[in-house]
Amino acid sequence: MSLLSVRNLVIDYDRTRALDGASLEVAQGETVGLVGESGSGKSTLGSAAGRLLPRAARRTEGEVLVAGEPVFDLPDGRLRHLRRRHLGFVFQDPIGSLDPTMRVGAQLRLVLGRGGDVRFHLGRVRLDDPRVLRAYPHQLSGGMAQRVAIAMAMATSPDLLVADEPTAALDSQVREEVSNMIFSLAAEAGTSILWLSHDLPAVARRCDRVAVMYGGRVVESGPAREVLGNPAHPYTAALAGSAPAAAAHGVRLEPVPGRPPVLTGPSPGCAFAPRCAFAEERCEHERPAPVRVRDQDVLCHRAAGLRLGPSQQEEVKA
Amino acid sequence: MLELDDVTVTFAAGPPFRRIRLDAMRHVSLSVGEGETLGLVGESGSGKTTTSRVALGLQRPTAGTVRFDGRPFPRRRRELAGRMQAVLQHPHWSLNPRMRVGQSVAEPLDVLGRTDGNAVTEMLEHVGLSADFAGRYPHELSGGQRQRVSIARALVTRPGFLVFDEAVSALDVSVQVQILNLIKDLQAEYGFSALFISHDLGAVRYVADRIAVMRAGEVVETADTRTFYTAPAHEYSKQLLEAL
Amino acid sequence: MRLLMWWSGRALSSAATLLGVSVLIFAAVRLMPGGFAETVLGPFATAEQKAELAARYGLDQPVFMQYGHWLGAVAGGDFGISMISRQPVGAELLARLPVTAELTVLAVAASVLLGVPLGVLTAVRARPTGGGGLGRLVSGLGVSVPEFVLGSLVVFVFSRYTLGLEVGSWIPLTQDPAANLATMILPAAVLSVFSISVTARTTRDAVMGVLVEPYVTAAVGRGESPWFIVRHHVLRNAATPVVTLVGTTTAYLLGGALIVEHVFNLPGVGSYLVQAVGRRDYAVVQAGVLLAAGVFIVMNVLIDLLVGAIDPRLGVMAGRRS
Amino acid sequence: ATGTTTTPAPAAQETAAPGFLAVADQALAKGGTLNLQVHIDSGAATGYDPQLADVATTWQLLSLSYETLVTVGPDFGVQPLLAEKWDTPDDKTYVFHLRKGVTFSNGREMTADDVVGSLKRLLASKSVWAGQLGPVEEITKDGDGKVRVTLKEPYTPFLAALANVPAAILPMKEIDDKSVDPATTLLGTGPYVVENHRQDVSWTFKRNDAYWNQGKPAADTLNITIAPEEAARIAALQNGGAALATLGNVDSETMLAGAKDVKVVTQATTDFYYLMLNSLKPGSKLADPKVRQAIGIALDTQQIADVALGGKGKPTAITPAGLPGACDPAALPSAARSLDEAKQLLAEAGAQNLSFTLTIFNTEPAPAVAQVIQQNLQQAGITVKIEQLDEASWSGKVYGKAPAEFDAAMSWFAGYADPGMVTKWWNPETAGFNAGFMKPDPELSKLIDAANQQPQDRAKALADVCARADADAQMIPLVTRPSTVAYRADALSPSLYATEGYGNVLRLVADARVKKPQ
Amino acid sequence: MRKLDRLSIGGLACLAVLVLFALGSLAGAGGDPDAIVGPRLQPPGPGWWLGTDNLGRSVLPRVMEGVGTTLLLSSIAVLVTAVLSAAFGILAGYRGGYLNELVMRLVEVLYSFPAIVLAILVAAVLGPGQTAALAGIVLVTIPLMTRLVRAAAVAVSQRDYVTSAVISGARLPRVLLRHVLPNVAGTIAVQGTYALSVGIAVEGGLSFLGFGVQPPQASLGVLIQQGGTYMIAAPWLILGPGVVLVAAILAINVVGDGLRDRLEPRETRSLT
Ligand SMILES: Nc1ncnc2c1ncn2[C@@H]1O[C@H](COP(=O)(O)OP(=O)(O)OP(=O)(O)O)[C@@H](O)[C@H]1O
Ligand SMILES: Nc1ncnc2c1ncn2[C@@H]1O[C@H](COP(=O)(O)OP(=O)(O)OP(=O)(O)O)[C@@H](O)[C@H]1O
Ligand SMILES: [Mg+2]
Ligand SMILES: [Mg+2]
Ligand code: NI
């Protein structure tokens, strides 16, 4: 049974539908990268895993199971137990996620409880420095602060760590260091990771599986190399093909034409249809059901019939 | 277009007396030619943002001179209206929370007294946002959407000089490419100059003609893009490229 | 060293404020119509009598000279002589200060002990639709009942019916602390109603601001209980505006104390000041206002220190970063 | 419109001896502490000097320690005090036989020198009261224990004037050798000595054990709390914090109705409210006697008494209503004339749309009186704008400049104990304080003096004064000012006169018996 | 943008009723507030629907007049305060430097005076009456508001959208009016309603001490002060104006809160 199971989750804000029937499974010990267009609902999905959404968000449909427990229907006490024992979160803003009025040591002590060994946990993120213990968050660099946050999230050896762009605010070297730390700590503790990121190469390198979101749904998921190297969904293909870092100098990259959708209600068909080179009539008004293509689960009417590469897209002649 | 000559910026932090002096920029000389994009890279805290503030005339250098269009900055900022624009680093505070997206994007036009009927929606669509975003408030946007709005605002008046400070780092790659392409296209169309600041060497390579590397307030290397990526001269540049 | 600099900066600006207050109050009492000679000597006084009185208190000198003399004396700790009681003003104020101080301290304590929990509670329960209606009503009610109404009501009810607490009598703290407290509770309660509400409201705002901070979400994500989060993360971070408010409400409370003292007939600084204004007892008015300003300034320095201790980013020792 | 009055039935008033509201129960044990509350403290630049005191509250407090040669009894009869008796060999001479065994509170016996010295000091002082003693020619010691005062002319109010605190007998020996400054020390022959005074907070008086009147005072200690706020005094009465308190509101009786054991009594006083019309302000219509008369006619003093004073006051002429020999306000010429006549007078004076400002102080019931006046005058087409000032601003405006800048103002006079005393204030040349807004009327001044020099047929003489003042109308008497006192019947058995000439509630406090010694 | 919530709408309705009430008084509805119409201290009855006061005047028209006086007085005062505070606070906060120092010093001086003493002094200097009450309220409420507006303006001035506007070449008025002002408007709204309650209280306090509006004009403060003395003998004297005053301040506060929520839409999060 999977550790995290998101089933047909629909989350609505005042005038936006952030998730439109997203489904995702994360198994014990697995690392899953969640990528996708900005605004596609990654953060919303990540927060939903711990029911950490703002009050303006409404769950309209679907459910989220963590270790078999329905997160949205749990009484408060059980929910807290779940968060405490089974879940860990790391957010994008490293300094912001630490209490600015408390010394780092005190915060860790608070999280670890009486018997906790603060130095040990800081040592695990290579910060065993008394000066760090006495520092206030604003006196730390972004990388150091993020490592403290990781130490706090990993202190209880959770089953699942949700990391929402934990390295986006850091510069490239620090970024690498921090990512390494998260993955090695998680491997040690047998923690599953849900890694929300824009950094496709990093996701490809580090994650077992990748889930791609588009328009509030997970449109493709499967083994990382497969999904990014051999995409089954046209959007994944477009995404994978457009990393600037990959392009040689002077080459013009072709982005996905058109604009990302903004949903206000359920999308009538495939949300990607208006921008899809392969869209056909039914894509417009029939919601695609999940299909299995190779090792991937895909939401696309035409997935089975397409052969797509990360940089070139071609239609398989039947 | 823009010339920084031996610019030093020193910040004094803390209360008077025992102030901590900190050189955010040390003897920096840079120039951005007409129609050229200069990429500025370097680690966090190396002085990139400070450089851009000097370039925008928001920060007076402690030493050194700045010339924009061959002249020092005019005393009245107003004379530069519409000539320069910037996309600033923090998406969270880049938009006035009391103004609808449409109003924010239209503001630089208003300042110039131009009211261009479709310019706003057109520009929003260029950055991948549909016209109905014009009626939204910033808190209803995701991080990437906000970033795109500030880009739209910066580009709407087609200024001669632009600063992009981490303009695309909050965006996913496909949108990133879209924006980078937009920048390139507009540059091809009317030839503005730009200072493009980013951690992301890939993105910099994609848009920049020349690249400057900063470290601890100093420019350690300036080279054109191809040379930089193939044969970096400075040790630090090599380190940077390895991480890519 | 830095601390020393900070202190001297504060001292300088405090001195500037005090100087401003002294000029303003000095000018104000002299601009008030109705000379003190008429007030004190009565309608039958002759011109010579008035002149003689004015000369006795130096009121016949040019105003600038008067101000200079007064300021010099005050700097030397001499607040002058009350023209009514002919007692030194300093001693008289000092004798009355404990009452006002006690009243204010009790009221501040009440606003913190009741206002803060009320504010936290309504914030934690707030809905996105601008809810927390009951809390808003309660704190709204607090600001809408003026002290003099509440005071008169309380005075009447408690004197008419035996309800355990005395009104209309005052016992010095030094004489019998318990009895003193019993006589001060009601006035302090009346005085604090307004500030409790304002404190609750400010707290609610501050807490709501803190609740959306990422570190609170992080703590929620760690599975901490609401009260644990409130205690360890929210209170400290929401404290700055609340503490600042408490500091500034002292000024308001000092003013409110004046009305409450009047209604409950407590021999405090406030009622003394009102009477002095009424009789144009210049020295007393000047000294009283200066005292209030002094208290206010000291209070604000303390608040700044406290805020610095609570939030290291704002502390005296913290460097500035943009 | 006229208002009717709801006067509560005087059930609360004890049936006491004639002239008394209450008489202390002599059967009760002496001793104990008496807690009193009054609304205002004495407070004068002149300190405690009784001769210079000019405010009723100060008289009241000083009367606990100082005594005069004579005093006023119930119904204003002059009675012996420090003088056992006096002779009047002719209508210009008074010989006072001093009481023996009277000592000051420092133990020294009072002598005739003290009396002579005190009175001479008073006459030489700038005290207002110096004028009230009349045309004194000479004060001499007449052997041991006797003092002779000779007047230049007969002066009827002389004895009544001696009965008030400014004529108190001071320890002249100590004052002359400068060992005592009466401005800072109270040293008199009275029943109490001051133990402590905190300005505007409280007084503590202890009984004078050497008091000449054996058996008095009854209470050992008097604690007097100054409570400016009426609510606080009412509270103290209700919860027993005070055994007796003065009250300012005319409806106090209603408000304390139902409070257990609290008795509210209204002491009639000879004090009265009056209206000042500034006839010296340049260009003012009020300079015209016709206009002023019209105002006098339009005023409905009965309504003022009923509405503004809740029926507790009485209309009065310039001789305070209630004093023996005072004139009947209903017999005044203006009382007989109608509103139409008032309007006509205004028309004659060319002042049909008369409008002026009435400056009052903000202590109740002055604002209430002013508002009724405003309503009254509106009937005659006169617009009154009320300007309510704090007392200091008020006195600044009314007395501060000559000629004064106000249009009309309102105040009250202490009525004293003889109908002729207060009439003197209608002569600005002797009064002084009103010279800034009042033209002397020689005719009126002559009548005033005549009435005070004429022991025979005084009523007729006073009636002439009243009529003349009514026509002059620069100062228009309105209504008498009641004084309300409340006490705890379970804690105190007080003696109180039914009427007071000098506004002294504490006059008989030495008789009061404390019921529960505390 | 969010709509006003129900509580605030209730508050607005309540205020509207009060304003109607006041307007009615101007139109003469309810009768002459100064006329003596009957016996003193009568309980409510025909001819005097809220009873009569200690001069036999009908309380109803006096309450109506009082509402008008008080609302007008305190709203004008608060308007003045808001405009001045906004102007000085924003300018000082945005510009900083000597201007800031000067404004802050002045504000602190005013703040150091106990509020009611300040009001009394003003009333005494100007002579009691509406102008004095107005000036008193303004001087009492201005320090806190200026201080908070300035603090908010300092924070707002550092935001990137302000910098963006400056880069665009926007002139000072535009930056202040379009960017800084709207973002401190929430503070102004909340402080404005707070000031309104303080204003009403100050007016009442001044009347209580005898420095307020001049008789026979009624204000809620005057009426409540008089009613307070007759609390037992004639409770209707305080009931009418008391209820109206509490309702007015309550409504103002509730509307202010709602307005702030509307001006500053923000995320809310629960702790569970
Ligand atoms: N508080 C909110 N109120 C209203 N709409 C919101 C809110 N938060 C997010 N949204 C909307 O929900 C959608 C999904 O947002 P979400 O933050 O989950 O996207 P994301 O995938 O994390 O994007 P990014 O990569 O830009 O962070 C977006 O269209 C956004 O506009
Ligand atoms: N207003 C200021 N006062 C004091 N120090 C400042 C100020 N602005 C910047 N600094 C300091 O100057 C140095 C350079 O900062 P800058 O923001 O230019 O770096 P950066 O290269 O843009 O960093 P990042 O990549 O994190 O944005 C930093 O150490 C910073 O702390
Ligand atoms: Mg996100
Ligand atoms: Mg930067
Ligand atoms: Ni479990």
Side-chain angles (χ1 to χ4, degrees), chain C residues 32-50 52-53 56-57 82-87 92 95-96 148 151-162 166-170 259 261-268 271-272 274-281 284, chain D residues 35 37 40-47 52-55 126-129 131 183-184 197-202 225-242 255-256 258-260 362 389-400 402 411 425 431-434:
Chain C
M32 281 194 288
F36 119 95
E38 280 104 35
T39 319
V40 166
L41 293 177
F44 296 102
T46 58
E48 308 97 78
Q49 274 175 303
K50 290 181 191 173
E52 186 194 313
L53 196 68
R56 172 139 39 107
Y57 292 105
S82 160
M83 300 167 190
I84 305 290
S85 71
R86 307 207 289 178
Q87 301 292 316
E92 191 69 12
R96 288 164 179 267
F148 59 92
S152 308
L153 191 76
V154 165
V155 165
F156 177 75
V157 170
F158 276 80
S159 59
R160 189 65 168 275
Y161 309 101
T162 321
E166 284 274 294
V167 294
S169 57
W170 175 77
I259 291 197
E261 282 168 16
H262 193 70
V263 173
F264 283 86
N265 200 37
L266 300 173
S271 49
Y272 188 41
V274 182
Q275 274 170 358
V277 170
R279 291 183 182 161
R280 308 292 188 264
D281 197 345
V284 176
Chain D
N35 294 318
Q37 294 208 343
I40 191 169
D41 199 356
S42 69
T46 49
L52 300 177
D54 57 358
V55 186
K126 289 188 172 127
S127 168
V128 206
W129 212 254
T184 56
H197 175 213
R198 279 190 66 198
Q199 181 70 40
D200 295 326
V201 178
S202 62
T225 304
I226 316 297
E229 178 58 26
E230 180 109 352
R233 273 173 279 133
I234 290 188
L237 279 168
Q238 287 185 332
N239 64 20
M255 279 182 271
L256 277 163
K260 210 167 136 278
N362 54 20
L389 301 174
D390 72 305
E391 295 204 30
S393 304
W394 182 89
S395 29
K397 180 150 187 178
V398 175
Y399 304 126
S411 183
W425 302 148
F433 71 91
N434 45 8

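Chain letters run A, B, ... following the sequence lines, proteins first, then strands; residues in each count from 1.
- Residues that satisfy the salt bridge (Lys or Arg N to Asp or Glu O under 4.0 Å) test with E261(C), not counting sequence neighbours, are absent from this structure.
- Distance CG/L53(C) to CE/M83(C): 8.0 Å, rounded to 0.5 Å.
- Here the CD atom belonging to Q238(D) is positioned 12.0 Å from the NZ atom belonging to K260(D), to the nearest 0.5 angstrom.
- In terms of non-hydrogen atom pairs under 4.5 Å with chain D, the most contact-rich of S271(C), G151(C), G278(C) is G278(C).
- Only the backbone of L256(D) comes within contact range of chain C, with heavy atoms under 4.5 Å apart.
- Only the side chain of R198(D) comes within less than 4.5 Å of a heavy atom in chain C; its backbone stays farther off.
- Of the candidates D200(D), D41(D), D390(D), D200(D) is the only one forming a salt bridge (Lys or Arg N to Asp or Glu O under 4.0 Å) with R279(C).
- Heavy-atom pairs under 4.5 Å with chain D peak, among R56(C), Q275(C), E48(C), at Q275(C).
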Could you go step by step and tell me if R96(C) and E92(C) meet the salt bridge (charged side-chain N to carboxylate O under 4.0 Å, His left out) rule?
CA-CA 6 Å; R96(C) 288 164 179 267; E92(C) 191 69 12; 3.4 Å; yes

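- Note that CG of D281(C) is 6.0 Å distant from OH of Y272(C), once rounded to the nearest 0.5 Å.
- Options I226(D), L389(D), T184(D) differ in how many heavy-atom pairs under 4.5 Å they form with chain C, and the most are formed by I226(D).
- Annotation: maximal heavy-atom pairing with chain C below 4.5 Å, among P228(D), A231(D), A242(D), S127(D), occurs at P228(D).
- With chain D as partner, the option from I84(C), V277(C), V274(C) having the largest number of non-hydrogen pairs under 4.5 angstrom is I84(C).
- With a 4.5 angstrom heavy-atom cutoff, W129(D) does not touch chain C via any of its atoms.
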